[in-house]
Amino acid sequence: MKIEYLETDHTALKLVKPLWERLRDHHVLLSTHFSERISKNTFEERSRDLLNKSKQGQLKIILAHDAVEKRLLGYCISSINEMKQGEIDSIFIIDDFRGMGIGNTLMKRTLDWFEDNGIHNICLSVLFGNEQALNFYEKYGFYPRTYLLKNRA
């Protein structure tokens, strides 16, 4: 397998749709309280949110692609807003390809992009129930800061 990484912008958003939907379904299974609500999230809604971010600041998409089999293995979408805050908006690697360094490469390239743009205030959200992801993010200096509680409405 030969993994290639493509750094692009909002124009490649539609390419991540199948993987984003897998991530949404993964979150549905993990969520204790909001699985029904999460299951109703659509890629079109999420795309609109991300496109709005790109209009107000910058949006970067990094794709991990198997050059031999010609298939997408993972992605990372990140943004910088007008207040100069960075956010890792979404990252996903297909289960069968986790542990191969793809997530590490996506994170390092994303963090390099933030650094190149002078961004040091960076956040990301982890769904309650997906605490296993916390260990991954800690390797890059991200730690839980607050708990945001939400009603089911």
Report all side-chain donor-acceptor pairs from residues 84-92 shorter than 3.5 Å, counting only partners two or more places apart or in another chain.
from: Glu87; atom 1: OE1; to: Lys53; atom 2: NZ; distance (Å): 2.7
from: Asp89; atom 1: OD1; to: Lys53; atom 2: NZ; distance (Å): 2.3
from: Asp89; atom 1: OD2; to: Ser79; atom 2: N; distance (Å): 3.1
from: Asp89; atom 1: OD2; to: Ser79; atom 2: OG; distance (Å): 2.8
from: Ser90; atom 1: OG; to: Tyr75; atom 2: OH; distance (Å): 2.7

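- Taking every heavy atom of both residues into account, Leu106 and Gly74 meet most closely at CD1-C, 4.3 Å.
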Which donor-acceptor pairs under 3.5 Å do side chains of residues 130-149 form with protein atoms, sequence neighbours excluded?
from: Glu131; atom 1: OE1; to: Gly129; atom 2: N; distance (Å): 3.0
from: Glu131; atom 1: OE2; to: Gly129; atom 2: N; distance (Å): 3.0
from: Tyr140; atom 1: OH; to: Asn104; atom 2: OD1; distance (Å): 2.6

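- By the rule that hydrophobic residues join a cluster once side-chain heavy atoms approach within less than 4.5 Å of another member, Val68 and Leu6 end up as members of separate clusters.
- Closest approach of Gly103 to Ile93, counting heavy atoms only: CA-CD1, 3.6 Å.
- Partners of Arg98 according to the side chain to side chain donor-acceptor pair (under 3.5 Å) rule, which considers only residues two or more places apart in sequence or in another chain, are Asp95.
- Arg71 and His65 share no donor-acceptor pair across their side chains, judged by distance under 3.5 Å alone.
- With contacts defined as side-chain heavy-atom distances shorter than 4.5 Å, the pair Glu45/Thr42 qualifies.
- In this structure, the side chains of Met1 and Leu73 come closer than 4.5 Å at one or more pairs of heavy atoms.
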### Message
Quick one, Leu63 with Tyr5, criterion side chain to side chain contact (heavy atoms under 4.5 Å, CB included). Give me CA distance, side-chain angles, the key distance, then yes/no.
### Response
CA-CA 5 Å; Leu63 305 172; Tyr5 295 89; over 6 Å; no
Identify each donor-acceptor pair in which a side-chain atom of residues 14-30 lies under 3.5 Å from a protein atom, sequence neighbours left out, and give them as a table.
from: Lys17; atom 1: NZ; to: Glu44; atom 2: OE2; distance (Å): 3.2
from: Arg24; atom 1: NH1; to: Asn41; atom 2: O; distance (Å): 2.9

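- Residues Leu127 and Ile38 form a side-chain contact, since some pair of their non-hydrogen atoms from C-beta on lies under 4.5 Å apart.
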### Query
Step by step, would you call Ile61 with Leu50 a side chain to side chain contact (heavy atoms under 4.5 Å, CB included)?
CA-CA 11 Å; Ile61 300 173; Leu50 292 168; over 6 Å; no
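- Legend: residues meeting salt bridge (Lys or Arg N to Asp or Glu O under 4.0 Å) with Glu82, ordered by chain and number and at least two apart, are absent.
- At a threshold of 4.5 Å between non-hydrogen side-chain atoms, the residues Glu7 and Arg109 count as touching.
- Counting heavy atoms from C-beta outward, Phe114 and His120 have side chains that stay 4.5 Å or more apart.
- In this structure, Phe128 stands alone, with no Ile, Leu, Val, Met, Phe, Trp or Tyr side-chain heavy atom under 4.5 Å from its own, directly or through other members.
- When each of Ile80, Ile77, Asp9 is checked for a side chain to side chain contact (heavy atoms under 4.5 Å, CB included) with Leu59, only Ile77 meets the rule.
- Looking at Glu69, its side chain never comes within 3.5 Å of a backbone N or O of Asp66 through a donor-acceptor pair.
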